[in-house]
2 protein chains.
Amino acid sequence: MRLTTKGRYAVTAMLDLAFHSEKAPITLTDIATRQIISLSYLEQLFSRLRKAGMVTGVRGPGGGYQLSRTPEEINIAEIISAVDEQLDSTKCGGKGNCHNNGPCLTHDLWMGLSAQIYDYLSNISLAEILSKASVADIAKSQDQVLKPFL
Amino acid sequence: MRLTTKGRYAVTAMLDLAFHSEKAPITLTDIATRQIISLSYLEQLFSRLRKAGMVTGVRGPGGGYQLSRTPEEINIAEIISAVDEQLDSTKCGGKGNCHNNGPCLTHDLWMGLSAQIYDYLSNISLAEILSKASVADIAKSQDQVLKPFL
DNA sequence: AAATAGTTGACTATTTTACTGGGTTTACCT
DNA sequence: AGGTAAACCCAGTAAAATAGTCAACTATTT
């Protein structure tokens, strides 16, 4: 489990999607405009999210993306690990022989630590974050940005 | 708060130090050999750890590094943030005006999330990790590697 | 048929990571 | 005093990850 800006972009985009796509699909262009993320970068991220089965793409006019599951059933950890390809962060790839045929300190340590963070984040759903009033307010205010173009 | 391999290197090195430097200072060369991290990279990391007041350098023969505080008083979060220079991960630098003069979704969201992870990691001390038998065992077995050279 | 929007892949620039190699300074030891 | 072991400091660099661009293509709706 790594925490980088890439994962943050993905979580932000998924939140935006969760907030807006209840009825109709939402285009990446809309998300790109609202969250100020490059469209093509979003495409990359959503390609991974789609393969991970978290979003569904709808082609053609009126198309866009929708969540494949309810916001309650999507947690932060899986979003992050969907976009962060994890090169096995241990030299041995988890075999435990990376250090002169013995396990390295990293194993019991970082692996466990990262597992706990994963555990922590996997217990936070998109719905939970959206339910915070302040987040909903921000999302609502961001809608104003697109209004002039509609 | 970011979680990258850089932070993992730092935590691993600090654990090694905590385990070995109770009496005499430990050289970076020793840590580099045991943990298989490049010496010069360790120097970079320890330069930051020293500036953060977590380790003390002792020059000259017989010198090396020691923890400035007890392992109980050093937590994982501060190690990671000492080496991970945090470019403010929000475009506005925390001013909350990054998104058309309104706060971006990232603010309440990722900032809070990352604060919670920090909180979590700041409650785990070096001593706590070392107290786990498995970690101590690994550290002990790694000592064998250096023996032939002594 | 035309327009919309996802899909794919190759390609580029920037930044961060990880490492190399050179030096200087400090302290200990013979 | 001179040698040596170590921290300390810096400039550079190779590899990787991040972030973004571009262009061609496919599917769908109107």
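This is a predicted model, so every value here is computed, not measured. Sequence lines set the chain letters: A, B, ... in the order given, protein chains first and strands last, and positions in each chain run from 1.
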Next item on the list: With heavy atoms under 4.0 Å as the rule, sort A:Phe46 into base, sugar-phosphate or nothing.
Entry: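 No contact.
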
Notebook entry, point to check: What is the nucleic acid contact for B:Ser47, judged by heavy atoms within less than 4.0 Å: base, sugar-phosphate only, or nothing?
Noted result: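 Nothing, no heavy atom under 4.0 Å.
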
Check: Between A:Gly62 and B:Leu39, which has a closest nucleotide on DNA chain D that is more 5'?
Finding: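 That would be B:Leu39.
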
In whole angstrom, what separates [X]'s [atom1] from [N]'s [atom2]?
| X | N | atom1 | atom2 | value |
| --- | --- | --- | --- | --- |
| A:Arg48 | C:dT7 | CZ | C1' | 15 Å |
| A:Asp30 | C:dA5 | CG | C1' | 11 Å |
| A:Leu45 | D:dA17 | CG | P | 16 Å |
| A:Gln35 | D:dA19 | CD | P | 15 Å |
| A:Ile37 | D:dA19 | CD1 | C1' | 11 Å |
| A:Leu3 | C:dT16 | CG | P | 17 Å |
| B:Asp84 | D:dT18 | CG | P | 13 Å |
| A:Ile26 | C:dT4 | CD1 | C1' | 15 Å |

Taking only side-chain N and O atoms of [X], does any of them lie within less than 4.0 angstrom of OP1 or OP2 on [N]?
| X | N | result |
| --- | --- | --- |
| B:Thr4 | C:dT16 | no |
| A:Arg50 | C:dT8 | yes |
| B:Tyr41 | C:dC19 | no |
| B:Tyr9 | C:dT17 | no |
| B:Arg2 | C:dT17 | yes |

Restricting to nitrogen or oxygen on both sides, can you table the protein-nucleotides 21-24 of chain C pairs closer than 3.5 Å?
none

Next item on the list: State the pairing partner of D:dT30; accept Watson-Crick or G-U wobble contacts with both distances under 3.5 Å, and report none otherwise.
Entry: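 Pairing partner: C:dA1.
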
Note to self: Using the side-chain heavy atoms of B:Lys6, tell me which of these nucleotides is nearest: C:dG6, C:dT20, C:dT17.
What the structure shows: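 Ranking C:dG6, C:dT20, C:dT17 by closest atom to the B:Lys6 side chain puts C:dT17 first.
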
Rounded to the nearest 0.5 Å, what's the gap from [atom1] on [X] to [atom2] on [Y]? Could you check?
| X | Y | atom1 | atom2 | answer |
| --- | --- | --- | --- | --- |
| B:Ile74 | B:Leu126 | CD1 | CG | 5.5 Å |
| A:Ile124 | A:Ile79 | CD1 | CD1 | 11.0 Å |
| B:Glu22 | B:His20 | CD | NE2 | 10.5 Å |
| A:Leu28 | A:Ile31 | CG | CD1 | 5.5 Å |
| B:Ser125 | B:Arg69 | OG | CZ | 11.5 Å |

Checklist line | Which residue lies more 5' along DNA chain C, comparing A:Gly63 with A:Gln44 via nearest heavy atoms | finding: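 This one resolves to A:Gly63.
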
When the side chains of residues 43-56 of chain A are checked against the rest of the protein, which donor-acceptor pairs come out under 3.5 Å, sequence neighbours left out?
residue : atom : partner : partner atom : Å
A:Ser47 : OG   : A:Lys51 : NZ           : 3.4
A:Thr56 : OG1  : A:Ser68 : OG           : 2.9

Note to self: Does either side chain, that of A:Thr70 or that of A:Glu73, offer a donor lying less than 3.5 Å from an acceptor on the other one?
What the structure shows: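 Side-chain D/A pair, A:Thr70 to A:Glu73: present.
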
Item checked: Heavy-atom check, side chain of B:Val11 versus side chain of B:Arg8, under 4.5 Å ->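 Not in contact.
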
